[in-house]
Each structure stands twice: as structure tokens, then as C-alpha cells.
Peer 1: 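If you scroll down you'll find the structure; I have some questions about it.
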Amino acid sequence: MTLDYRWLHDMVRNRFDSDEAMEAFLPRPLTPDELKQLGDDRYLSAMSLRVFRAGMKHSVVDARWPAFEDAFWGFDPEKMVLLTPEQVDGYMNNERIIRHRTKLQTIPRNAQFILDIRQEQGTSFAEFIADWPSADIIGLWRLLARRGARLGGRSAAGFLRLIGKDTFLLTGDVVARLIAANIVDQFPTNQRDQQRVQEAFNELQQASGRPLCQLSAMLSLTINPRF
């Protein structure tokens, strides 16, 4: 159960007019040093953005995000953790933001999650995320789902992609290619299948030197040339 990188590269290269065009198209993650330079407020903002994007048109949420940044004081975790239930309810009167009480309630909860990690690890949350190995990115997904608020399912990977941490995405096209390669036989929801997917990506990464985000984009392009 393997994917051949040479086949993958040649299949995707045929979609483009040149090597340069292909490379320009593929996403690029931030480096660990770049991730560490981001403030923990940017991580809480990205978590919250991902929570609000779930089930909504992304462009609608993105257009409101400057108002969110203003309303929530730039998402400083030490300030956001102090929000009371009454204050959260008060945001339901703010017409500039998206008034979804359940999602609003995740902001102080995820602020607490960030502060808990900082205390446990003795580092910034940014350093914690930056230092997590890509060879076990699904382990980070599980931690985010278990300890974060509304960061389960595809939201963990979506948050990591938003912040710039290297991760693959399990889109329909990526899963279709994994199924065709006999890596899994359905969408990988259990730990065994997710581990198989991780191992397949690890092998591709070792063969190519490419980040996970590029490899998942390339797998998607083998199914959908208009990715």
C-alpha cells in the first residue's frame, strides 16, 4: 500500500505548462522559526476563524473578521480567557460580527486551552505548534480535537493550514486518491486508517522532500485538475 512519488510528480506536472508554474501553484507552509514568531493571539484568532468558517461560506466569515479582531481585542488569550458567560451573551447584540452563541463560547474555552499548553510545556503555544513533528501530524489533530473547542473533524487540519503549520488535508479528492491506491477503503475516521494515511504521506515526504501541504495538493490534482 504505497504511492509512487515519481508517478505523482509526473501526473501533476502534466497539468502545468512549466515546472515554474507548478511550483508557484503549490502551497508553502511557514517555517518553524516563522511559526514561533507569531503571537499566541494569532493562534487563537486562527482557531476562532476556523470555528466560524465551519458550515458557512468562508468569504462571508472572512469579510467580518476585521470586526471580530476589533470586538475581541485582537484575541489576546489572557484577556479572552476572562470573558464571562454574560459578556459572551452581550456579543449577540453586536451586528458587526456573526452572532452564533455556541461558536462565540469557544473563544474563552480555546483561550484557556492555549494557556494550559503554555503552562504545561513551559513555552509559548506558538513554539508548541512549531515544534510538533510533521511525521505525526495526526497526533496534533487528535490533541486539538480532544482539548480544543470545536476543533474536531476537519477543523484541526483547517486551523493548522490557516496558521501556516504544515499539514495535509483530507479533502474528497485526496481521499479518493488514497482509496484508489488502496491506502484506505473509506474516509479515514478511525485511528488505524488515519495512521495508514500518515505513513503514506511520510513515505511521500521522504521520497520527495516536499511539505505535507504540497503533497496533499498534488494528490488532489490527480483527481481534480481544477483543484
Side-chain angles (χ1 to χ4, degrees), residues 25-77 80 97-98 100 102-115 117-118 124-134 136-175 194 197-198 201 210-220 227:
F25 176 85
L26 295 174
R28 295 189 180 278
L30 296 183
T31 67
D33 284 345
E34 289 171 331
L35 287 168
K36 291 175 184 179
Q37 290 171 13
L38 297 175
D40 287 350
D41 57 302
R42 295 303 86 207
Y43 286 83
L44 182 57
S45 177
M47 280 184 193
S48 304
L49 176 57
R50 174 56 198 171
V51 167
F52 274 87
R53 277 184 172 185
M56 297 191 67
K57 191 172 182 179
H58 291 185
S59 60
V60 171
V61 180
D62 294 351
R64 298 286 187 97
W65 211 247
F68 271 87
E69 291 281 354
D70 182 57
F72 290 96
W73 306 303
F75 289 97
D76 182 340
M80 293 299 94
I97 67 172
I98 297 168
H100 188 300
T102 303
K103 292 184 177 184
L104 289 169
Q105 290 168 342
T106 68
I107 295 174
R109 290 174 61 193
N110 281 327
Q112 185 64 64
F113 166 46
I114 288 173
L115 295 179
I117 292 292
R118 279 163 50 168
S124 69
F125 189 78
E127 290 175 298
F128 174 74
I129 294 293
D131 289 339
W132 193 284
S134 63
D136 181 37
I137 202 67
I138 59 169
L140 184 52
W141 293 4
R142 291 170 187 155
L143 183 143
L144 291 165
R146 185 175 70 252
R147 300 188 57 178
R150 296 180 75 101
L151 292 176
R154 300 184 183 185
S155 290
F159 153 66
L160 294 176
R161 182 61 67 87
L162 275 173
I163 205 65
K165 172 70 174 179
D166 190 27
T167 185
F168 53 83
L169 299 179
L170 292 178
T171 65
D173 292 333
V174 171
V175 173
Q194 289 177 358
V197 171
Q198 178 77 71
F201 271 95
R210 289 187 179 275
L212 300 175
C213 61
Q214 292 188 0
L215 293 169
S216 68
M218 293 172 77
L219 289 174
S220 183
F227 164 73

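Just the heavy atoms: all of them, side chains too, but no hydrogens, waters or symmetry mates, feed the values below. Quantities reported herein were computed from a predicted structural model and do not represent experimental measurements.
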Peer 1: Using side chain to side chain contact (heavy atoms under 4.5 Å, CB included), reason through Met47 and Ile114 one step at a time and then give a plain yes or no.
Peer 2: CA-CA 10 Å; Met47 280 184 193; Ile114 288 173; 3.9 Å; yes
Peer 1: Starting at CZ of Arg42, measure out to CG of Leu162 and round the result to the nearest 0.5 Å.
Peer 2: 12.0 Å
Peer 1: Report the residues that fulfil side-chain hydrogen bond (donor to acceptor under 3.5 Å, both in side chains) with Gln198, sequence neighbours left out, ordered by chain and then residue number.
Peer 2: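 Checked Gln198 against side-chain hydrogen bond (donor to acceptor under 3.5 Å, both in side chains); matches are Asn202.
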Peer 1: Just to verify, what does Ser45 make a side-chain hydrogen bond (donor to acceptor under 3.5 Å, both in side chains) with, not counting sequence neighbours?
Peer 2: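 Result, side-chain hydrogen bond (donor to acceptor under 3.5 Å, both in side chains) vs Ser45: Trp65, Glu69.
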Peer 1: Hey, what do you get for CG (Leu215) to CG (Leu169), rounding to the nearest 0.5 Å?
Peer 2: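 These two atoms lie 12.0 Å from each other.
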Peer 1: Please name all residues satisfying side chain to side chain contact (heavy atoms under 4.5 Å, CB included) with Asp70, sequence neighbours left out, ordered by chain then number.
Peer 2: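 Counting only residues at least two positions away or on another chain, Asp70 forms a side chain to side chain contact (heavy atoms under 4.5 Å, CB included) with Arg96.
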Peer 1: So does Trp132 get a backbone contact from the side chain of Lys165, meaning a donor-acceptor N/O pair under 3.5 Å?
Peer 2: yes
Peer 1: Restricting to non-hydrogen atoms, name the atom on Phe75 and the atom on Leu44 that form the minimum distance, rounded to 0.1 Å.
Peer 2: O-CD2, 3.4 Å
Peer 1: Taking only residues two or more places apart in sequence or in another chain, which ones pass ring pair (Phe, Tyr, Trp, His ring centres under 6.0 Å) with Tyr43?
Peer 2: Phe125
Peer 1: Phe168 and Ile137: which non-hydrogen atoms are nearest, and at how many Å?
Peer 2: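 Reported closest heavy-atom pair: CE2-CG2, 3.5 Å.
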Peer 1: Ignoring hydrogens, what is the shortest heavy-atom contact between Gly152 and Ala145? Give both atom names and the distance.
Peer 2: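 Smallest interatomic distance, heavy atoms only, reads CA-CB, 3.6 Å.
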Peer 1: Assess whether side chain to side chain contact (heavy atoms under 4.5 Å, CB included) is satisfied between Trp141 and Thr167, documenting all intermediate values.
Peer 2: CA-CA 9 Å; Trp141 293 4; Thr167 185; 3.1 Å; yes
Peer 1: The criterion is side-chain hydrogen bond (donor to acceptor under 3.5 Å, both in side chains); which residues satisfy it with Asp131, sequence neighbours excluded?
Peer 2: Lys36
Peer 1: Provide the full list of salt bridge (charged side-chain N to carboxylate O under 4.0 Å, His left out) pairs with a residue in residues 149-159, sequence neighbours left out, each pair given once.
Peer 2: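 Residue pairs passing salt bridge (charged side-chain N to carboxylate O under 4.0 Å, His left out), neighbours aside: none found.
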Peer 1: To the nearest 0.5 Å, how far apart are CZ in Phe25 and CD in Gln214?
Peer 2: 11.0 Å
Peer 1: Can you pull out every salt bridge (charged side-chain N to carboxylate O under 4.0 Å, His left out) where at least one residue sits in residues 48-62? Sequence neighbours excluded, please.
Peer 2: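 Qualifying pairs: Arg53-Asp62.
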Peer 1: In sequence, state the C-alpha distance, the side-chain angles, and the governing distance for Val197 and Ile138, and then conclude on side chain to side chain contact (heavy atoms under 4.5 Å, CB included).
Peer 2: CA-CA 9 Å; Val197 171; Ile138 59 169; over 6 Å; no
Peer 1: Walk me through whether Phe68 and Trp73 qualify under ring-ring contact (aromatic ring centres under 6.0 Å, His included).
Peer 2: CA-CA 8 Å; Phe68 271 87; Trp73 306 303; over 10 Å; no
Peer 1: For the residue pair Thr171 and Ser220, what are the closest heavy atoms and their distance?
Peer 2: OG1-OG, 4.4 Å
Peer 1: Taking the side chain as C-beta and beyond, is there a heavy-atom pair between Phe52 and Ile97 under 4.5 Å?
Peer 2: no
Peer 1: Could you tell me which non-hydrogen atom of Leu212 sits nearest to which non-hydrogen atom of Asp166, and how far apart they are?
Peer 2: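 For Leu212 and Asp166, the tightest heavy-atom pair comes out as N-OD2, 2.7 Å.
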Peer 1: How long is the straight-line distance from CG of Leu160 back to CG of Leu151, given to the nearest 0.5 Å?
Peer 2: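 Rounded to the nearest 0.5 Å, the CG-CG separation comes out at 9.0 Å.
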Peer 1: Test your reading of the model: is there a side-chain donor-acceptor pair from Asp40 to the backbone of Ala126, 3.5 Å cut-off?
Peer 2: yes
Peer 1: Are Met56 and Lys103 side-chain neighbours, meaning at least one heavy-atom pair lies under 4.5 Å?
Peer 2: yes
Peer 1: Between the main-chain N or O of Gly148 and the side-chain N or O of Arg109, is there a donor-acceptor pair closer than 3.5 Å?
Peer 2: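 Side chain of Arg109 to backbone of Gly148: no pair is present.
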Peer 1: Compare every heavy atom of Ala130 with every heavy atom of Pro32, then report the nearest pair and how far apart it is.
Peer 2: O-CB, 3.6 Å
Peer 1: Who pairs with Arg210 by salt bridge (Lys or Arg N to Asp or Glu O under 4.0 Å), at least two apart in sequence or on another chain?
Peer 2: Glu23
Peer 1: Please list, chain by chain and in numerical order, all residues satisfying side chain to side chain contact (heavy atoms under 4.5 Å, CB included) with Leu30, sequence neighbours excluded.
Peer 2: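 Leu30 satisfies side chain to side chain contact (heavy atoms under 4.5 Å, CB included) with Glu34, Leu35, Leu38 once adjacent residues are dropped.
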Peer 1: Could you please spell out the steps behind the side chain to side chain contact (heavy atoms under 4.5 Å, CB included) verdict for Phe201 and Leu219?
Peer 2: CA-CA 10 Å; Phe201 271 95; Leu219 289 174; 3.5 Å; yes
Peer 1: With sequence neighbours excluded, what pairs up with Arg146 under the side chain to side chain contact (heavy atoms under 4.5 Å, CB included) test?
Peer 2: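 Checked Arg146 against side chain to side chain contact (heavy atoms under 4.5 Å, CB included); matches are Leu143.
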Peer 1: Are any of the side-chain heavy atoms of Leu104 and Phe72 separated by less than 4.5 Å?
Peer 2: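 Touching, per the 4.5 Å side-chain cut-off.
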Peer 1: Once side chain to side chain contact (heavy atoms under 4.5 Å, CB included) is applied, do any residues pair with Asp41, and if so which ones, sequence neighbours excluded?
Peer 2: Pro77
Peer 1: I'd like to check the side-chain hydrogen bond (donor to acceptor under 3.5 Å, both in side chains) partners of Ser124; sequence neighbours left out, ordered by chain and number.
Peer 2: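 For Ser124, the residues satisfying side-chain hydrogen bond (donor to acceptor under 3.5 Å, both in side chains) (neighbours in sequence not counted) are Glu127.
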